[in-house]
Amino acid sequence: MPQITLCFAAGLIALGVGSWIAAGQSSMTALIPAFFGAGLAVAGFLAFRDRLRKHAMHLAATLALLGAIGALVRGVPALLSADELRLATMSQLVMGVAMIVFLVLCVRSFIAARRTLESDGV
């Protein structure tokens, strides 16, 4: 799961930097996906250490939940009310969907890990 976390982190960083460049490098809020990506990257790198994996992946899942909520709370109403699809709205929706997908992958991984522990008799 650490590798998947780093992939999602790279995607969010690219989304944030790409949105920032497309916005004319004038809006720091366009970098919000990159900030969440940086947080996921830190958690992903920490997860390569066995003793930190559980906590790092829970941190990554928490970041994904917060990111999904934050992005979709702003993105969905903007999508439903706007006449034209703005760059900010597209960036928020992409980030929100990516975070939900990542969160689902995290939950599936947590369930699989729990089942493995139970089957090993721990």
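Counting from 1, the numbers follow the sequence of the chain as shown.
The backbone N or O of Ala112 sits less than 3.5 Å from a side-chain atom of Thr116, completing a donor-acceptor pair. No donor-acceptor pair under 3.5 Å is formed between the side chain of Ser109 and the backbone N or O of Leu105.
Note on residues 104-116: no pairs pass salt bridge (Lys or Arg N to Asp or Glu O under 4.0 Å), not counting sequence neighbours. Evaluation of the salt bridge (Lys or Arg N to Asp or Glu O under 4.0 Å) test over residues 36-51, restricted to residues two or more places apart or in two chains, returns Asp50-Arg53.
Criterion: ILVMFWY side-chain heavy atoms under 4.5 Å apart, direct or through other members. Under it, Phe8 and Leu103 are not part of a common hydrophobic cluster. Taking hydrophobic clusters as Ile, Leu, Val, Met, Phe, Trp and Tyr residues chained together by side-chain heavy-atom distances below 4.5 Å, Leu93 does not share a cluster with Met99. The cluster map of Ile, Leu, Val, Met, Phe, Trp and Tyr, joined by side-chain heavy atoms under 4.5 Å apart, puts Ile100 and Val107 in different clusters. Cluster membership for Met90 and Ile21, using ILVMFWY side-chain heavy atoms within less than 4.5 angstrom, is not shared.
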Give every donor-acceptor pair under 3.5 Å between a side-chain atom in residues 9-16 and any protein atom, sequence neighbours left out.
none

Donor-acceptor pairs are to be reported for all side-chain atoms of residues 56-80 against protein atoms at under 3.5 Å, with residues two or more places apart or in another chain.
unit_1: His58; atom_1: ND1; unit_2: Lys54; atom_2: O; d: 2.7
unit_1: Thr62; atom_1: OG1; unit_2: His58; atom_2: O; d: 2.9

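At a threshold of 4.5 Å between non-hydrogen side-chain atoms, the residues Met1 and Phe102 count as touching. Inter-residue side-chain proximity for Ile32 and Phe36 is flagged as met; some heavy-atom pair is nearer than 4.5 Å. Contact of the Thr5 side chain with the Phe45 side chain is not registered, since no non-hydrogen atoms from C-beta on lie closer than 4.5 Å.
When the side-chain hydrogen bond (donor to acceptor under 3.5 Å, both in side chains) test is applied to Ser27, the partners found at least two apart in sequence or on another chain are Thr29.
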If you apply the rule side-chain contact (heavy atoms from CB on, under 4.5 Å), what do you find for Gln3 with Leu6, and how did you get there? CA-CA 5 Å; Gln3 297 90 347; Leu6 292 177; 5.8 Å; no

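Grouped by direct or indirect side-chain proximity (heavy atoms under 4.5 Å, Ile/Leu/Val/Met/Phe/Trp/Tyr only), Leu52 sits with Val42, Leu46.
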